[in-house]
Colleague: 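Before I ask anything, here is the structure I am working with.
Computation of the quantities below employed the complete heavy-atom set of this structure, encompassing side-chain atoms and omitting hydrogens, waters and symmetry-equivalent molecules. The structure displayed is predicted, hence computed values, not measured ones. We name chains A, B, ... by the order of the sequence lines, and we start the count at 1 in each one.
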Amino acid sequence: MADGDELMAVDEGHVACGGDWDGRWNHLKKFLERSGPFTLPDFEPGTEALSGFRNIHVVDMDTIDISNLNRQFLFRSKDVGRPKAEVAAEFVNSRVPGCNVTPHCQKIQDFDESFYRKFHIIVCGLDSVIARRWMNGMLISLLNYENGVVDQSTIIPLIDGGTEGFKGNARVILPGMTACIDCTLELYPPQINFPMCTIASMPRLPEHCIEFARILQWPKEEPFGDGVSLDGDNPEHIQWVFMKAQERASEFNITGVTYRLTQGVVKRVIPAVASTNAVIAAACATEAFKIATSAYVTLNNYLVFSDVDGLYTYTFEAERKENCSACSQVPQDLQFSSSAKLQDVLQYLTESTSLQMKSPAITTTLQGKNKTLYLQVINIKRSLVFSFSLSPSVLVSLTGAELGLADGQELAVADVTTPQTVLFKLNFTS
Amino acid sequence: GMAANKAAKEQKYDRQLRLWGDHGQEALENAHVCLVNATATGTEILKNLVLPGIGAFTIVDGHKVSGEDVGNNFFLSTNSIGKAPDKLLDNDPEFFHRFSLVIGVQLPESTCLRLGAVLWNAEVPFLVCRTYGLVGCMRLVVREHTVVESHPDNALEDLRLDQPFTELKNHIDSYDLDSMEKKDHSHTPWIIIVAKFLEKWYSEHNFQMPKNYKEKEAFRELLRQGILKNENGAPEDEENFDEAIKNVNTALNATKISSTVEDIFSCDLCDNITAQTPAFWVMARAVRDFVRDDGNGILPVRGTIPDMIADSEKFIKLQNVYREKALQDASVVSKHVESLLQSVGKVCPPGYLLIMKFFKCVFIISGKNAAFLRVVRCRSLEEEYSIESVNKDEITSCMDNPDSEMVLYLMLRSIDRFYQQHSHYPGVYDYQVEEDISRLKVCVNSLLQEYGLSVSVKDDYIHEFCRCGSAEPHTVAAFLGGCAAQEAIKIITQQFVPFNNTFIYNAMTQTSATFQL
């Protein structure tokens, strides 16, 4: 089978035929026009839902890479380098008459409430927990509460799918009503990084040698110029890391450093195949269909799938966490001894499994003024004026009392994991 | 040129090569799959095989494309002036013998059984798939599928602490924990530590391993006592000892052969090696011979150890002890293979890494895989459908829960019956729905009666299977398409373990089940 040269029937697109042709919706009509024993009470026979499904917005900041082509079937070799959202929209618009896909080659974080408010359903196939938490937080921020009860008309359902190799999961989230991403943060264990002392002085695995080259040697030697950071997509960069890793490995009699392993470690590659992605995508699409039509009860609310050994699914109802930092509307309690330092608070925010913040920025109100307690400064060339005129490294070693914080103090914390600040209440024990 | 193409392919397939390796990819690219019926489900399966690089495919489909097909089929069906499967079965059933795998989609029962019989006799694997409303169903029909590389998810380590081989024992003896400086003491691999303290334990417990929770807890305490103390008598920070304590539960398990592997060893095919014996069984017999003659009742050493807190030198040395033993064991296994082949008049290249190209398969036998060998045997469709051999027990026990996926299986069997009697599926046209519900119920009851199944099927399911009018919604077809393609890849690459033998997916509840029928 030639690749790229021969046009497939699907690539030629569909001759514009305006409206629907005879029989187009025959398969679907059975579910839209007939009630049945498993349809929801609010189901109404009719085909209006079909028209809404035609309007789709796609948000993706990525461009197409050759390694996507083993599974991302809307793309061809000729599309490599082009934005995914654009090519996907083009393909679907030409292939499915009447469909109107609008592409946005941007990060999800580039949009605000006014954008997301417009949608009936949001479906995510994101590649990081941080991004999921952000979207989760965004939809929660759209909720209106009246007397502590959520206004259902402000709920936008979120369907979230993810895969890794031969495993995957799909879930349905009704913000404010069912378990959200943060309610089940424990289901996403934090990424384990190798300890620095192992990498620096005690390597045992080929991975340690690769990380040594990536984390220590590259910044020191700047092999491709001043300030040029390691680009996992640049084969020359990977080749450099590979060779340095091999040198280190032979120093310690470690075998197993290969180019493929090097690339895998540097880019944090997750193996992926067409089939698992097809399964999870289909499950998500089925749920979108159910939500739009009430033809069946939606997934309640988490599906796990694996096809390593036979085929296995497990479906369960993830429970809401009473004091979820994202959706419980309750200010989070922070218990610390009065001698604890700001550093301890930061450590808790980043290391607790239920919060897993990345680089929190903490502000609070002191003597009627908003003060920044901590803000991580990375590669910022311009100087930042800190509210205390003290450097961050000194600030974090101060105790609550030294900072002027009282028992019950409210701290507002901002972080990439959430579009809204999270409110914490500081309680001093002892 | 050639090299550029090869490089581009490696890049394109990088994400999947990390799962099934170059040899798995080669198997895929040498395969020729037959798809019967290019419906939405069929083309979804095909898409998921074309994307990873299947070598060739042939579509057998006698239908003409209708407006309805273009409505649910993402892939504009090529016009099919092709032959219908029934015609091929009439005139040229051997047409199907050439394929690595035949995938039959949306087949009426009669065609399915006919095709199944042909493929069973020709020993060609057969995967039956069907999307029916919000229900998906797959049936794998293969006489015997052997797997060397099953890639188990959570395998226990093979550390041999309960019966250390000579080289391991010597290596452990080379350590004297009591005379070590803190730096060395804290960077000694936990395997060594557990081994040393086990020796202590043995001397005080009549050479018996810690067996129950109480004894393991006592052993953990023994380890805790072994942690170095500082000048104030407080325990130092020794992460390697923490690791040792954490691993006590699994590290002290008796090394033994799993029942799965024992079953493989006791198969006829393992006993009687002939010139026609497939490579897998020659290998299995060689491993069995190793176990009985050289391994003291255990498998060849796997040769890998997990990462652990240790300095580089100590870790690498320990790792090499296991690795070298594994290589040694593998070479003994390979000698058994050579002598088995010689005994049936075949010649084989020497060396522990055996490439059995002349048996038409490529794989590596070593301690890495020996513990995880798997064999999947599916019953034929004839056995499943015959009144004498129907799996009544499985069906009735599952139906203790009337909403078990088993009811969906029974419904699919019933609509097949309906089609045989009425030449159409129930509820295809709106005016038929009401009438067909009672007709379908008759089919359900006659099915249950004929097979002597005293179970009851809720009316709701009968109603639903009329309502859906044999529709093939695309999202359900796509789900099944992903599942089926992966099972096909397992059959072709002989890696990972296929299901056995009936998989039912319920998109209404997003649940599934596998039955052995």
Side-chain angles (χ1 to χ4, degrees), chain A residues 1 9-10 14 21-28 30-31 33-38 66-67 69-71 73 95 165-166 170 202-205 252-254 260 263-264 269-283 285-287 289 296-297 299 303 307-311 313 315, chain B residues 8 11-16 18-19 44 47-48 51-52 66-68 70-72 75-76 78 133-134 150-153 187 307 310-312 315-316 430 433 460 463-464 467-469 471-473 475-476 478-479 481-483 485-486 489 496-500 503 507-512 514:
Chain A
M1 295 177 303
V10 292
H14 198 279
W21 56 86
D22 195 37
R24 180 176 191 184
W25 305 115
N26 278 1
H27 289 272
L28 272 181
K30 312 281 197 293
F31 306 99
E33 291 180 348
R34 302 175 178 181
S35 65
F38 300 106
I66 183 171
S67 66
L69 300 181
N70 79 324
R71 62 201 186 277
F73 63 91
R95 174 65 186 81
F166 298 126
M202 234 174 276
R204 297 175 296 267
L205 304 178
F252 289 88
N253 291 316
I254 297 171
R260 191 179 283 168
Q263 193 182 45
V269 165
I270 296 176
V273 290
S275 52
T276 320
N277 283 294
V279 168
I280 296 300
T286 295
E287 291 310 306
F289 169 78
Y296 293 94
V297 172
L299 166 63
L303 164 71
D307 61 6
V308 171
D309 188 340
L311 297 127
T313 64
T315 312
Chain B
Q11 281 183 286
K12 177 163 144 182
Y13 294 136
D14 178 81
R15 300 299 186 269
Q16 67 200 38
R18 289 167 192 276
L19 290 164
E44 280 291 327
K47 172 198 69 149
N48 293 326
L51 283 168
S66 71
E68 186 173 279
V70 183
N72 78 335
F75 302 93
L76 189 61
T78 52
L134 261 69
S150 56
H151 304 289
D153 244 341
H187 291 96
D307 191 24
D311 64 53
S312 313
F315 179 83
I316 301 295
D430 287 347
V433 178
D460 279 350
H463 186 172
E464 178 64 24
R467 172 202 181 208
C468 70
E472 192 185 356
T475 62
V476 185
F479 188 101
C483 294
Q486 187 48 33
I489 289 172
F496 306 95
V497 184
F499 73 109
N500 185 2
F503 172 75
M508 296 185 275
T509 54
Q510 297 282 22
T511 56
S512 74
T514 301

Colleague: For chain A, find which of B/Val476, B/Thr514, B/Asp430 contributes the most heavy-atom pairs closer than 4.5 angstrom.
Modeller: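 Looking at each of B/Val476, B/Thr514, B/Asp430 in turn, B/Asp430 comes out on top.
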Colleague: Kindly give the heavy-atom pair with the smallest separation between A/Val308 and B/Phe496, and that separation in Å.
Modeller: O-CB, 3.5 Å
Colleague: Looking at CG of B/Asp307 and CG of A/Leu205, how far apart are the two atoms once the value is rounded to the nearest 0.5 Å?
Modeller: 4.0 Å
Colleague: Given heavy-atom pairs under 4.5 angstrom as the criterion, report whether the side chain, backbone, both or neither of A/Ile270 touches chain B.
Modeller: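 The answer is the backbone of A/Ile270.
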Colleague: Among the options B/Asp153, B/Leu51, B/Asn48, pick out the one with the most heavy-atom pairs lying under 4.5 Å from chain A.
Modeller: B/Leu51
Colleague: So, for A/Thr315 and B/Thr509, which heavy atoms are closest and what is the spacing to 0.1 Å?
Modeller: CG2-O, 4.1 Å
Colleague: Which distance, rounded to the nearest 0.5 Å, do you find between the CD1 of A/Ile280 and the CZ of B/Phe479?
Modeller: 6.5 Å
Colleague: Do you know which of A/Ala283, A/Ser275, A/Ala274 has the most heavy-atom pairs with chain B at a distance under 4.5 angstrom?
Modeller: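 Looking at each of A/Ala283, A/Ser275, A/Ala274 in turn, A/Ser275 comes out on top.
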Colleague: I'd like to check the side chain to side chain contact (heavy atoms under 4.5 Å, CB included) partners of B/Asp311; sequence neighbours left out, ordered by chain and number.
Modeller: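 Here the qualifying residues are A/Met202, B/Asp184, B/His187, B/Glu313, B/Lys314.
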Colleague: With a 3.5 Å distance limit and no angle check, can you tell me whether A/Arg204 reaches the backbone of B/Ala310 through a side-chain donor-acceptor pair?
Modeller: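 Side chain of A/Arg204 to backbone of B/Ala310, a donor-acceptor pair under 3.5 Å: yes, one is there.
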Colleague: Let me see the working for B/Leu19 and A/Phe166 under side chain to side chain contact (heavy atoms under 4.5 Å, CB included), right down to the final yes or no.
Modeller: CA-CA 9 Å; B/Leu19 290 164; A/Phe166 298 126; 4.0 Å; yes
Colleague: Is there a donor-acceptor pair under 3.5 Å between the side chain of B/Arg15 and the backbone N or O of A/Pro271?
Modeller: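 Not at all, since once roles are kept as given, no pair shorter than 3.5 Å links the two residues.
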Colleague: About how many Å separate NZ of B/Lys47 and CZ of A/Arg71, when rounded to the nearest 0.5 Å?
Modeller: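 That separation rounds to 12.5 Å.
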Colleague: Nearest 0.5 Å, what's the OG1-CD distance between A/Thr276 and B/Gln16?
Modeller: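 One gets 11.0 Å once the value is rounded to the nearest 0.5 Å.
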Colleague: What part of A/Leu311 gets within 4.5 angstrom of chain B, counting heavy atoms only: side chain, backbone, both, or neither?
Modeller: both
Colleague: Under 4.5 Å between any side-chain heavy atoms of A/Phe38 and B/Asp460, yes or no?
Modeller: yes
Colleague: Can you find a pair of side-chain heavy atoms, one from B/Arg18 and one from A/Gln263, that are under 4.5 Å apart?
Modeller: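 B/Arg18 vs A/Gln263: side chains touch.
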Colleague: Do B/Asp14 and A/Arg260 touch side chain to side chain, with heavy atoms closer than 4.5 Å?
Modeller: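 Yes, at least one pair of side-chain atoms sits under 4.5 Å.
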Colleague: I want to check something: taking the side chain as every heavy atom from C-beta on, are A/Asp309 and B/Phe499 in contact at a cut-off of under 4.5 Å?
Modeller: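 Not in contact.
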Colleague: Looking at every heavy atom in both A/Val279 and B/Cys483, which two are closest together, and how far apart are they?
Modeller: CG2-N, 3.5 Å
Colleague: List the atom of A/Thr313, the atom of B/Ser512, and the distance in Å for their closest heavy-atom pair.
Modeller: OG1-OG, 2.6 Å
Colleague: Answer with yes or no whether the side chains of B/Gln486 and A/Asp307 bring together a donor and an acceptor at under 3.5 Å.
Modeller: no
Colleague: How many angstroms lie between NZ in B/Lys12 and CG in A/Asn70, if you round to the nearest 0.5 Å?
Modeller: 8.5 Å
Colleague: Which atom names give the shortest non-hydrogen contact between A/Gly36 and B/Arg467, and what distance separates them?
Modeller: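 Result for this residue pair: CA-CD, 3.8 Å.
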Colleague: What are the two closest heavy atoms between B/Ala471 and A/Lys30, and how far apart are they?
Modeller: CB-CG, 3.8 Å
Colleague: Between the side chains of B/Glu464 and A/Tyr296, is a donor N or O closer than 3.5 angstrom to an acceptor N or O?
Modeller: yes
Colleague: Going by the rule side chain to side chain contact (heavy atoms under 4.5 Å, CB included), which residues pair with B/Thr475 if we only count those two or more places apart in sequence or in a different chain?
Modeller: A/Ala285, A/Thr286
Colleague: Of all of B/Pro152, B/Pro52, B/Cys468, which one pairs up most often with chain A through heavy atoms under 4.5 Å apart?
Modeller: B/Cys468
